[in-house]
Amino acid sequence: MSTTKQTNISASDKSLISDLDNQIRSYVQANGTDKDADLLDQAIADIRKHHGHQLRKSGQPFIIHPLRVASSICRAGLDAPTVVAALLHDIIEDTKITHKDIHERYGSWYAEIVTGLTKIKKPVRQKSVTADNLDATYQRMLKTMVQDVRALFIKLFDRLDNMRDMDAMPRDKQRRISLETLNIYVPIAERLGLTRICQEHTELCFKLLYPKRYKKTLKEIDELKKDRISTINAMQDSLRFNIEKQKLPFHKIEPLFVHPASRIQESGPIDHILEGFRIVVKNSLDCFQALGIIHTNYYVIPLKIRDYISNPLWNGYEGIQTELRIEGEQTCIEIVSEEMLKKNQYGIMAHWHGSPTELADYYQIYLSQLDQMAGDEEVRMLDVMSYVQSDQIQVYSPKGDMLVFPKGATVLDFAYGIHSELGNHCIGALVNPSSVSTTKKRVPRERQLFAGEALQIITDPGIHPREEWLKQVKTAKSRSQIKKAVEHQKVINARNSGRALLERKLREIGTEQDVEKWIKSKVVKEALKAENLSANKFFQEIGLQKRPLQQFLRKYKLLHFERTGRLKEMISPVFWGNIFGGDKNIFLIDDVQNPLIKLASCCFPNSSLRIWFWISQFPEIKFQVSSMMTKKLKFTSQTAPKKFSKINPPRRK
């Protein structure tokens, strides 16, 4: 949002720059160290030097933007290093300063934060920002947020300041940035309990996306407020009278009006202006006393009481909510303490006490989930948004530890949420295991979680993740762990297959030496070194048929061949037993995607059919329905089977 142009700065802009500069310096001097103050002086000098001749689209000096973002960080009560980083957040993106320059002048932490907040620029010839560029930018930002949550605050205030100054931008850019803000930054702010920031972002998006409807909404709210204010004041006085009569100290009783941000998805007329009343008291105990007072003085709507003090919402919200009839009108009542109100409005920032660790600990479940996403290269911003926009449910371990999952998560998600090994061997769970009931309810791993329940995971060491498990989970963490386990198992299977193939080849030529001794011999080690292979990698490539065994052996003259053809005999039952885990004429095909297994394309064998299999010229086994074998099959010299065998379906008991 900057252009470079030599210009005179107006008196009002000079005054604003001076005021912001003084505010920031005073804050860092009061809350930082001498080193922080020195870095601040350096940062202000750098942005004056490198942003000094840049203008915003509005015509305002660009330097005002980083100063305003840093000022917002000060008002949020964050630490001095975050203030300095906020000043520098655009310097890599909009000037010739590089990551290396920041690292040398300020240190590694500042370099990582500022780089993480920098957009990945499109190629010079490219006319528009592509989805890949945006996704790469978000992925970088996500990783930075996980490393230090303070980067998120800088980004949210950066976007908020840009949205406030969006009127000067072209209409198409206004819409694009507003939609991006609404779909990405608003859900993240909501997820972190940043109600004030969330509302302002949403209202600004509303104003830019639907300007006519926004003006109409403001007018309707103003008119309804004028029409209803006398009734609302009477309801407020009634609440105040009853609480004062019981001599309960309170901070304030205030009406909660409809916020324009809540109307962005609503196109119809506003049918009410009052959302309810908020009663602010001193502490948690006073909240329950206030609840008792109003419940004994008003008609209470049944089943409408919500205690979010003992059981806070997923975004950290605390308080008590209930519904009453006051002056004959049904209305909602929110009861909170002063501390709860601050937490509810400022979310994660209300928990700042000078340590980034405290912030991360407070929202450890959320940040843990983001950490899993940031560590998975396949995860796109769509996965992050799906998570932060979803409703959350709270479930418990048998010890009473609370875990939060997106709505629709399963028992398997719960298992992976506790520990990866627990998830890898999960077969189900016991629901509410500490219940006094003599019969415990057992549920399968794919069963969805319900709010408030406790679960004890049941495992079986013989069970391992399979690709179909991916359809049974909701969270990115679970998907990531399943993919890793499945890939690991494929690697193990490939190594075992490669080892068995090599073992068979050694036996075929009459070599007495076993595989382990052979692989450790000097000539084999030299051959592997020449190919830049470890023993395990060698077995793996043979098993996956990425490296032809006989070609490798011939190349390094590791075996003397009397015959130069491929494997001439049917692979022994021991080998296929290692792959299938079976014997006799019943084989368990554990992984149909094994590269050594081929299902005939002309039919679809299943467990209820008698099938034939044969070993081809290549080291692989092919399966076909037995009825298809009655047809006349033609084979070339390259595809002719070496031996047919029959597999009967298992008998049912």
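FYI, side chains are in, hydrogens and waters are out, and symmetry mates aren't considered; it's all heavy atoms of this structure. If you're wondering where the values come from, they're calculated on a predicted model, not measured in any experiment.
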Inset, instruction - Output, in order, the C-alpha distance, side-chain angles, deciding distance and verdict of salt bridge (Lys or Arg N to Asp or Glu O under 4.0 Å) for Lys155 and Asp158. - result: CA-CA 5 Å; Lys155 192 62 185 178; Asp158 168 44; 3.6 Å; yes

Inset, instruction - For the pair Ile457 and Phe414, evaluate side-chain contact (heavy atoms from CB on, under 4.5 Å) and give the outcome as yes or no after the intermediate values. - result: CA-CA 8 Å; Ile457 297 300; Phe414 179 87; 3.6 Å; yes

Inset, instruction - Show your reasoning for whether side-chain contact (heavy atoms from CB on, under 4.5 Å) applies to Ile320 and Phe288. - result: CA-CA 8 Å; Ile320 299 175; Phe288 289 100; 3.7 Å; yes

Inset, instruction - Kindly indicate, with the supporting measurements, whether the criterion side-chain contact (heavy atoms from CB on, under 4.5 Å) is fulfilled by Leu67 and Ile47. - result: CA-CA 9 Å; Leu67 287 170; Ile47 64 172; 4.3 Å; yes

Inset, instruction - Apply side-chain contact (heavy atoms from CB on, under 4.5 Å) to Ile91 and His51, showing your working. - result: CA-CA 8 Å; Ile91 202 165; His51 289 309; 4.2 Å; yes

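A distance of 5.5 Å separates CG of Leu20 from OG of Ser71, quoted to the nearest 0.5 Å. For the atom pair CZ (Arg56) and CD1 (Ile63), the distance works out to 12.5 Å, reported to the nearest 0.5 Å. Atom CD of Gln199 sits about 12.0 Å away from atom CG of Leu204, to the nearest 0.5 Å. If you take OG on Ser284 and CD on Glu318, they are separated by 7.0 Å, rounding to the nearest 0.5 Å. The CD1 atom of Ile64 lies 4.5 Å from the CG atom of Leu16; values are rounded to the nearest 0.5 Å. Expressed to the nearest 0.5 Å, how far CD1 of Ile232 lies from CD1 of Ile273 amounts to 7.0 Å.
Residues Asn242 and Ile294 have side chains not in contact (no heavy-atom distance under 4.5 Å, counting atoms from C-beta outward). Taking 4.5 Å as the limit, every side-chain heavy atom of Ile335 sits out of range of all side-chain heavy atoms of Gln321. Taking 4.5 Å as the limit, some side-chain heavy atom of Ile333 sits within range of a side-chain heavy atom of Ile326. Side-chain contact between Asp79 and Arg150 is present, with heavy atoms from C-beta onward closer than 4.5 Å. Residues Cys287 and Met340 meet the side-chain proximity criterion, which asks for heavy atoms closer than 4.5 Å. Side-chain atoms of Arg175 and Leu209, non-hydrogen and from C-beta on, do get closer than 4.5 Å to each other. No side-chain heavy atom of Val83 sits under 4.5 Å from any side-chain heavy atom of Leu78. The shortest side-chain heavy-atom distance between Leu274 and Met235 falls under the 4.5 Å cut-off.
Between Arg240 and Asp237 there is a salt bridge, since a side-chain N of the basic residue sits under 4.0 Å from a carboxylate O of the acidic one. Ion pairing of Glu180 with Arg159 is present here, as a side-chain N (NZ or NE/NH1/NH2) and a carboxylate O approach within less than 4.0 Å. Classification of Arg68 and Asp161 as a salt-bridged pair holds, one side-chain N sitting under 4.0 Å from a carboxylate O.
In this structure a side-chain-to-backbone donor-acceptor pair under 3.5 Å is missing from Glu244 to Phe241. In this structure a side-chain-to-backbone donor-acceptor pair under 3.5 Å is present from Asn432 to Ala454. Looking at Thr115, its side chain never comes within 3.5 Å of a backbone N or O of Glu112 through a donor-acceptor pair. A donor-acceptor pair is defined here as one N or O able to donate and one able to accept, closer than 3.5 Å; such a pair exists between the side chain of Gln174 and the backbone of Met166. Here the side chain of Tyr27 pairs no donor or acceptor atom with the backbone of Asn22 at under 3.5 angstrom. Not a single donor-acceptor pair under 3.5 Å links the side chain of Glu323 to the backbone N or O of Lys304. Although no hydrogens or angles enter the test, the distance criterion places no donor-acceptor pair under 3.5 Å between the side chain of Ser238 and the main chain of Ala234.
The closest side-chain donor-acceptor pair between Arg447 and Thr410, if any, does not fall under 3.5 angstrom. Ser18 and Asp21 share no side-chain donor-acceptor pair at under 3.5 Å. Judged by distance alone, the side chains of Ser478 and Thr475 do bring a donor and an acceptor atom under 3.5 Å apart.
Closest approach of Asp165 to Gln60, counting heavy atoms only: OD2-OE1, 4.4 Å. The two atoms that bring Leu182 and Pro187 nearest to each other are O-CD, 3.3 Å, heavy atoms only. Of all heavy-atom pairs between Val411 and Ala429, the closest is CG1-CB, 3.6 Å. Contact between Ser178 and Cys205 at its shortest, heavy atoms only, is O-SG, 3.3 Å. The heavy-atom pair separating Pro211 from Arg171 by the smallest distance is CD-NH2, 3.8 Å. Nearest approach of Leu117 to Glu93, heavy atoms of both residues: O-OE1, 4.2 Å.
Just one of Asp38, Asp19, Asp41 meets the salt bridge (charged side-chain N to carboxylate O under 4.0 Å, His left out) condition when paired with Arg25; it is Asp41.
Taking Phe250 as the reference, nothing meets the ring pair (Phe, Tyr, Trp, His ring centres under 6.0 Å) condition, with sequence neighbours excluded. Arg164 meets the salt bridge (Lys or Arg N to Asp or Glu O under 4.0 Å) test with Glu200; sequence neighbours excluded. Partners of Asn233 according to the side-chain hydrogen bond (donor to acceptor under 3.5 Å, both in side chains) rule, which considers only residues two or more places apart in sequence or in another chain, do not exist here. Shown here are the salt bridge (Lys or Arg N to Asp or Glu O under 4.0 Å) partners of Arg228, two or more places apart in sequence or in another chain: Glu329. Tyr298 meets the ring pair (Phe, Tyr, Trp, His ring centres under 6.0 Å) test with no other residue; sequence neighbours excluded.
Sparse packing is recorded around CD of Gln29, with 12 or fewer heavy atoms of other residues, nucleotides or ligands lying under 6.0 Å away. Surrounding CG of Asp227 are more than 12 heavy atoms belonging to other residues, nucleotides or ligands, all under 6.0 Å away.
Residue pairs meeting the salt bridge (Lys or Arg N to Asp or Glu O under 4.0 Å) criterion with at least one partner in residues 278-290, sequence neighbours excluded, are Glu254-Arg278, Arg278-Glu334.
Both the sub-6.0 Å distance and the 45° axial angle are satisfied by Arg213 relative to the ring of Tyr210. Figure legend: cation-pi geometry between Lys343 and Tyr317 absent, as NZ or CZ is not positioned both under 6.0 Å from the six-membered ring centre and within 45° of its axis.
Using cut-offs of 30° and 60° on the angle between ring planes, the pair Phe206 and Tyr214 is perpendicular.
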